[in-house]
Engineer: 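Quick one: structure below, then a few questions.
Just so it is clear, the structure is predicted and the values come from calculations on it, not from any experiment.
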Amino acid sequence: MKVKSIPPFAGSGDMPEPDVHVITSGGVRIPAHSKILASGSPVLENIIERPKKHHRSSDRKIAILGVPYDAVSAFVQFFYSSRCTDEQMEKYGIHLLALSHVYSVQQLKQRCTRGLVQRLTIDNVVDMLQLARLCDAPDLYLKCMRLLSDNFKAVEETEGWKFLQTHDPYLELEILQFIDETESRLYVQLSEAMDCLEHICSEGCTNVGPYNMDPNEHKGPCSKFTTCHGIQLLIKHFGTCKKRVNGGCSRCTRMWQLFRLHSSICDQPDECRVPLCRQFKLKAQQDRRGNDPRWRLLVKKVVSAKTISSLSIPKRKREEEPRMAMDHQEMRSFKL
């Protein structure tokens, strides 16, 4: 095949004559400067220095094959401009990530990772995940895993997933384990949130608690729960938000869900000091929609996580306080 040469890149006009050629698929030569390539890639530096140890040659060549010529051209151009256009990323992002990994061009690898993350879709996420594993791109790998976990039903219908099941069962197992661990962490977090909610409503913490809480107590940060501060902020917002009744506030919606989840788990609604606990219990008994199988599964998983946590972590010591009746319908029973 006849080898044709292309002119040097823009911006290299003031430089000496190119002293190395990058040979691409199809026999196209890309003239370049060995010092520029060596300064941006330790792998290319070793390749460039290698001929000097064995023989003198005025025509040094570096073969980068198996990748489209335009992708190699964009790769070499990056050494001169430190830039990669959106069009190049759109067309050759996958190839550029592979080249940046093979030749240890970290700046380009970071750029490719960010660009490919922005272009993740249900249809390409499996291919991107495989690429992230091969190219040791942890940020892209994690984004792929999260997209898979959040949209697993849709991903299961793609050709990429069906191909993966046949040709890479180990990666399939890795994905399923990630999804299982992600769900487990979610249930553990919800379990802790339930304990934290009861802690705030029964004992009080920092400056949020039952109406009879001494305002001079509990001023320090909570040492019992990592989620305590966030739930306190939700309670304070819930107590003053004017949109909470009509469902127009996403933060209040989360608080309603926490109250409902607590009520589904609580086994002492008559004595419970968490607001709305008894009301949610009664509503669930009257409303058949309370038997939503997805909600029952969520409750079951949270209860299971709560049980496992109680077995693995020493039970927290709590101060004994007299249980006092409170009006669950009015949030003014809280000191906000």
Engineer: Minimum heavy-atom separation for L96 and Q88, please, with both atom names.
Structural biologist: CD1-O, 4.3 Å

Engineer: How close do L134 and H101 get, counting heavy atoms only, and between which atoms?
Structural biologist: O-NE2, 3.4 Å

Engineer: How long is the gap from CG on L65 to OG on S25, to the nearest 0.5 Å?
Structural biologist: 5.0 Å

Engineer: Is there side-chain contact between S41 and F79, with heavy atoms separated by less than 4.5 Å?
Structural biologist: yes

Engineer: To the nearest 0.5 Å, what is the distance between CD on Q232 and NE2 on H237?
Structural biologist: 15.5 Å

Engineer: Determine whether the aromatic ring centres of residues F75 and Y92 are separated by less than 6.0 angstrom.
Structural biologist: no

Engineer: Taking atom NZ as the centre, does K35 end up with more than 12 heavy-atom neighbours from other residues, nucleotides or ligands that are less than 6.0 angstrom away?
Structural biologist: no

Engineer: What about L44 and L108, same hydrophobic cluster or not, with Ile/Leu/Val/Met/Phe/Trp/Tyr joined at side-chain heavy-atom distances under 4.5 Å?
Structural biologist: yes

Engineer: When you compare the side chain of W161 with that of F152, does any pair of heavy atoms fall below 4.5 Å?
Structural biologist: yes

Engineer: What I want to check is whether the side chains of S34 and D19 have a donor and an acceptor closer together than 3.5 Å.
Structural biologist: yes

Engineer: Given L37 and I62, is the side-chain contact (heavy atoms from CB on, under 4.5 Å) satisfied, shown in steps?
Structural biologist: CA-CA 11 Å; L37 299 183; I62 300 173; 4.2 Å; yes

Engineer: What are the two closest heavy atoms between L140 and T113, and how far apart are they?
Structural biologist: N-CG2, 3.8 Å

Engineer: Counting C-beta onward and ignoring hydrogens, is there a side-chain heavy-atom pair between F163 and D168 closer than 4.5 Å?
Structural biologist: no

Engineer: Looking at K109, I want to see if its NZ is surrounded by more than 12 non-hydrogen atoms of other residues, nucleotides or ligands under 6.0 Å.
Structural biologist: yes

Engineer: Count the heavy atoms belonging to other residues, nucleotides or ligands that lie under 6.0 Å from CZ of R133, then report whether that count exceeds 12.
Structural biologist: yes

Engineer: Flag the pair T240 / K236 as yes when at least one side-chain heavy-atom distance between them is below 4.5 Å, and no otherwise.
Structural biologist: no

Engineer: Applying side chain to side chain contact (heavy atoms under 4.5 Å, CB included) between L148 and each of L120, T182, V155, report the one that passes.
Structural biologist: V155

Engineer: So, taking the atom named SG in C196 and the one named CD in E192, what distance separates them when rounded to the nearest 0.5 Å?
Structural biologist: 7.0 Å

Engineer: What I'd like to find out is whether the side chain of V126 reaches to under 4.5 Å of the side chain of L171, using heavy atoms alone.
Structural biologist: no

Engineer: Is it the case that one hydrophobic cluster holds both Y141 and I122, taking links as side-chain heavy atoms less than 4.5 Å apart, direct or via other members?
Structural biologist: yes

Engineer: Taking it one step at a time, do H21 and R60 satisfy side-chain contact (heavy atoms from CB on, under 4.5 Å)?
Structural biologist: CA-CA 6 Å; H21 285 86; R60 287 185 289 182; over 6 Å; no

Engineer: What's the shortest heavy-atom distance between R111 and C84, and which atoms?
Structural biologist: NH2-O, 3.1 Å

Engineer: Considering only heavy atoms from C-beta outward, does the side chain of H33 approach that of E17 to under 4.5 Å?
Structural biologist: no

Engineer: Quick one: closest heavy-atom pair of F78 and R83, and the distance?
Structural biologist: CD1-O, 3.4 Å

Engineer: Spell out, yes or no, whether L129 and L97 are grouped together once hydrophobic residues are joined by side-chain heavy atoms under 4.5 Å, including indirect joins.
Structural biologist: yes

Engineer: At what distance, to the nearest 0.5 angstrom, does CD1 of I30 lie from NZ of K61?
Structural biologist: 14.5 Å

Engineer: Between N124 and T121, is there a donor-acceptor pair closer than 3.5 Å when you use the side chain of the first and the backbone of the second?
Structural biologist: yes

Engineer: Counting neighbours of CD1 on I64 that are heavy atoms of other residues, nucleotides or ligands and sit closer than 6.0 Å, is the number greater than 12?
Structural biologist: yes

Engineer: Are V67 and M89 in one and the same hydrophobic cluster, where Ile, Leu, Val, Met, Phe, Trp and Tyr link if side-chain heavy atoms are under 4.5 Å apart?
Structural biologist: no

Engineer: Under a 4.5 Å side-chain heavy-atom rule over Ile, Leu, Val, Met, Phe, Trp and Tyr, are L99 and Y80 clustered together?
Structural biologist: yes

Engineer: Can you check whether C277 reaches H262 side chain to side chain, under 4.5 Å on heavy atoms?
Structural biologist: yes

Engineer: Please report the shortest heavy-atom distance between S104 and P42, naming the atom on each side.
Structural biologist: O-CD, 3.6 Å

Engineer: Measure the spacing between SG of C272 and CG of L197 and express it to the nearest 0.5 Å.
Structural biologist: 8.0 Å

Engineer: Do L282 and Q279 have side chains that approach each other closer than 4.5 Å (heavy atoms only, starting at C-beta)?
Structural biologist: no

Engineer: To the nearest 0.5 Å, how far apart are CD in Q268 and CD in E198?
Structural biologist: 8.5 Å

